[in-house]
Enquirer: 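First the structure, which I've put down as structure tokens, then a few questions once you've had a look.
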Amino acid sequence: MYIIKLSPAFKDYIWGGNKMRDLFGFDSDLDKISEAWMLSCHKDGNNIIQNGKYAGKTLKSVIDENPDLLGEKVKKYTDFPILIKFIDAKDDLSVQVHPDNDYALRVESEYGKTECWYILDAEPGARLIYGFKDEITKEEFEKSIKDNSFLKYVNKVDVKKGDFFFIEAGTLHAIGKGILLAEIQQNSNTTYRVYDYGRIGKDGKARELHINKAIDVTKCEKPKYSTKAQGELEIYNGYSSQLLVKCDLFEVYNLIISSEFEMNVDNSSFVSLLVTDGCGKVDNLEIKKGDSLFIPANTGKVIIEGNLSIIKTRV
């Protein structure tokens, strides 16, 4: 098997912008590119393979035919476990929350969503919502939604390029305008909106809110997790590496490569490489900013050369 380069699946949600056309050279017939799904086997957006003998096929169809590409750790999942995106927020996203696996599988028939964000760019004054400032009760949360006062309880965080956030299922959150980020998440598209600034959707109606479900699943407390990466920056000859997060769902690193980086892809998990800056090669495959690669489990030694920033993800 070979290293697979993927074409993004694009989304044009009303809050999005067009930074990705300029930064990554993405081409789409959509008026705006709000999200680019860079690693996806989800029914709402499948990646198409660009190179090699499987060119033109969906990644999902190739994995269905060759399940060993995923690795031993992925066998416990009934569906592909991870979804990776670029998100460009020209305007504020809705204040929202995602359910955990138990609730989502019971109510929505898909996995819940724990996710993490790596900030690629942030305009001056950009902020996001990350949980609550202090613990409140479910009753206080419900009342604050009804009387439109709940924004005074939320935790608003100033952000800059290079910041990192781990958002466990049940954590209230919202990406603010002026932020471009990479999101690594569970393979789910279930979102419960709490507040949407009264915006009107493409159908001319106010976008749907999901108040009762949101109250069911929201953790009305301060976030448990630091907004910093879990690991320290480690500097080596030719590259640096920083562990962003390691949990029971995924393991994510930020790599800065100045000349060469060598890794071994064993049979435990596939590896995703998301190129956020620069250009170079992975083995003999040329790569550049905005590329997404799927490296099958058990590929063995892989050498990355060039001047590159890469987000590396595995199960």
Side-chain angles (χ1 to χ4, degrees), residues 10-23 30-37 44 83 85-99 113-134 136 141-142 144-185 188-211 213-215 217-220 222-223 227:
F10 298 118
K11 304 293 179 181
D12 63 345
Y13 304 126
I14 60 173
W15 41 260
N18 268 309
K19 287 181 180 177
M20 285 186 262
R21 294 186 198 273
D22 297 329
L23 289 175
L30 300 176
D31 290 336
K32 59 181 71 174
I33 302 176
S34 311
E35 294 185 356
W37 292 18
D44 294 337
L83 201 164
K85 305 174 180 177
F86 286 134
I87 299 177
D88 173 20
K90 185 178 181 181
D91 199 358
D92 294 323
L93 273 69
S94 61
V95 184
Q96 57 190 240
V97 66
H98 306 301
K113 191 195 295 189
T114 285
E115 61 193 15
C116 59
W117 296 336
Y118 184 77
I119 308 299
L120 298 172
D121 190 35
E123 295 174 6
R127 310 177 84 190
L128 55 78
I129 290 172
Y130 183 59
F132 293 90
K133 289 186 288 188
D134 296 291
I136 64 172
F141 180 41
E142 182 175 7
S144 72
I145 294 171
K146 290 179 178 177
D147 64 20
N148 207 29
S149 66
F150 86 99
L151 285 178
K152 72 180 183 182
Y153 297 102
V154 301
N155 179 37
K156 296 179 180 179
V157 184
D158 295 324
V159 298
K160 64 184 184 304
K161 182 178 179 179
D163 285 348
F164 177 77
F165 297 84
F166 180 70
I167 300 136
E168 188 179 36
T171 303
L172 196 74
H173 61 277
I175 302 170
K177 63 182 178 181
I179 295 174
L180 176 73
L181 58 79
E183 177 176 280
I184 296 90
Q185 59 162 88
S188 169
N189 203 24
T190 296
T191 295
Y192 299 150
R193 294 193 197 102
V194 176
Y195 180 74
D196 195 39
Y197 308 94
R199 284 185 290 212
I200 303 300
K202 293 179 181 178
D203 59 1
K205 300 177 182 178
R207 295 209 300 171
E208 183 182 6
L209 301 180
H210 315 91
I211 303 301
K213 290 180 178 179
I215 291 168
V217 305
T218 299
K219 298 176 181 178
C220 297
K222 297 172 70 173
T227 58

Enquirer: Which heavy-atom pair separates Gly131 from Pro223 by the least distance, and what is that distance?
Expert: CA-CG, 4.0 Å
Enquirer: Please give me the minimum heavy-atom distance between Ala174 and Leu128, naming the atom from each residue.
Expert: O-CB, 3.1 Å
Enquirer: First locate atom OG1 of Thr114, then atom CD1 of Ile184, and finally report the distance between them rounded to the nearest 0.5 Å.
Expert: 13.0 Å
Enquirer: Using only atom types and a distance under 3.5 Å, with no angle test, would you say the side chain of Lys133 pairs donor to acceptor with the backbone of Lys152?
Expert: yes
Enquirer: If every non-hydrogen atom of Asn155 is compared with every non-hydrogen atom of Val157, which pair is closest and at what distance?
Expert: ND2-CG2, 3.7 Å
Enquirer: Under the rule for salt bridge (charged side-chain N to carboxylate O under 4.0 Å, His left out), what residues qualify as partners of Asp147, not counting sequence neighbours?
Expert: Lys143
Enquirer: Taking salt bridge (charged side-chain N to carboxylate O under 4.0 Å, His left out) as the test, write out the residues that go with Lys160, two or more places apart.
Expert: Asp163
Enquirer: Under the side chain to side chain contact (heavy atoms under 4.5 Å, CB included) rule, what do Phe166 and Thr171 come out as? Steps first, then yes or no, please.
Expert: CA-CA 10 Å; Phe166 180 70; Thr171 303; over 6 Å; no
Enquirer: After noting the C-alpha distance and the side-chain angles of Val97 and His210, does the key distance pass the side chain to side chain contact (heavy atoms under 4.5 Å, CB included) rule?
Expert: CA-CA 10 Å; Val97 66; His210 315 91; over 6 Å; no
Enquirer: By salt bridge (charged side-chain N to carboxylate O under 4.0 Å, His left out), which residues pair with Glu142, not counting sequence neighbours?
Expert: Lys146
Enquirer: I'd like to check the side chain to side chain contact (heavy atoms under 4.5 Å, CB included) partners of Asp158; sequence neighbours left out, ordered by chain and number.
Expert: Arg127
Enquirer: Side-chain contact test, heavy atoms from C-beta onward, threshold under 4.5 Å: evaluate it for Arg21 versus Ile33 and give yes or no.
Expert: yes
Enquirer: Taking side-chain hydrogen bond (donor to acceptor under 3.5 Å, both in side chains) as the definition, give me every residue that meets it alongside Asp196, ordered by chain and number, with sequence neighbours left out.
Expert: Arg199, Arg207
Enquirer: Report the residues that fulfil salt bridge (charged side-chain N to carboxylate O under 4.0 Å, His left out) with Lys11, sequence neighbours left out, ordered by chain and then residue number.
Expert: none
Enquirer: Quick one: does Tyr192's side chain have a donor or acceptor within less than 3.5 Å of a partner on Ile215's backbone?
Expert: no
Enquirer: By ring pair (Phe, Tyr, Trp, His ring centres under 6.0 Å), which residues pair with His173, not counting sequence neighbours?
Expert: His98, Trp117
Enquirer: Please list, chain by chain and in numerical order, all residues satisfying side chain to side chain contact (heavy atoms under 4.5 Å, CB included) with Leu30, sequence neighbours excluded.
Expert: Phe10, Asp12, Ser28
Enquirer: For Ser188, check side-chain hydrogen bond (donor to acceptor under 3.5 Å, both in side chains) against everything at least two apart and list the hits.
Expert: Glu110
Enquirer: Do Phe86 and Leu23 have side chains that approach each other closer than 4.5 Å (heavy atoms only, starting at C-beta)?
Expert: no
Enquirer: Calculate, to the nearest 0.5 Å, the distance between atoms CD1 and CD belonging to Ile175 and Glu183 respectively.
Expert: 6.0 Å
Enquirer: Under a 4.5 Å cut-off applied to non-hydrogen side-chain atoms, are Phe141 and Leu172 in contact?
Expert: yes
Enquirer: Any chance the rings of Tyr195 and Tyr197 have centres within less than 6.0 Å?
Expert: yes
Enquirer: Would you say the side-chain atoms of Ser34 pair up with the backbone N or O of Tyr13, donor to acceptor, closer than 3.5 Å?
Expert: yes
Enquirer: Go through the structure and list residues passing side-chain hydrogen bond (donor to acceptor under 3.5 Å, both in side chains) with Lys113, not counting sequence neighbours.
Expert: none
Enquirer: Can you list the residues that meet the ring pair (Phe, Tyr, Trp, His ring centres under 6.0 Å) rule with Tyr153, with sequence neighbours excluded?
Expert: none
Enquirer: As a quick check of understanding, evaluate ring-ring contact (aromatic ring centres under 6.0 Å, His included) for Tyr118 and Phe165, giving each step before the final call.
Expert: CA-CA 7 Å; Tyr118 184 77; Phe165 297 84; over 10 Å; no
Enquirer: Side chains of Cys116 and Ile167, heavy atoms from C-beta outward: is any pair under 4.5 Å?
Expert: no
Enquirer: Side-chain polar contacts of residues 87-95 - donor-acceptor pairs under 3.5 angstrom, sequence neighbours left out - could you list them?
Expert:
from: Asp88; atom 1: OD2; to: Asn18; atom 2: N; distance (Å): 3.1
from: Asp88; atom 1: OD2; to: Lys19; atom 2: N; distance (Å): 3.0
from: Asp92; atom 1: OD1; to: Lys177; atom 2: N; distance (Å): 2.8
from: Ser94; atom 1: OG; to: Gln96; atom 2: NE2; distance (Å): 2.9

Enquirer: Take Ile119 and Phe164 through the side chain to side chain contact (heavy atoms under 4.5 Å, CB included) test and state the conclusion after the steps.
Expert: CA-CA 6 Å; Ile119 308 299; Phe164 177 77; over 6 Å; no
Enquirer: Is there a donor-acceptor contact under 3.5 Å from the side chain of Thr218 to the main chain of Ala214?
Expert: yes
Enquirer: Compare every heavy atom of Leu209 with every heavy atom of Val194, then report the nearest pair and how far apart it is.
Expert: O-CD1, 3.9 Å
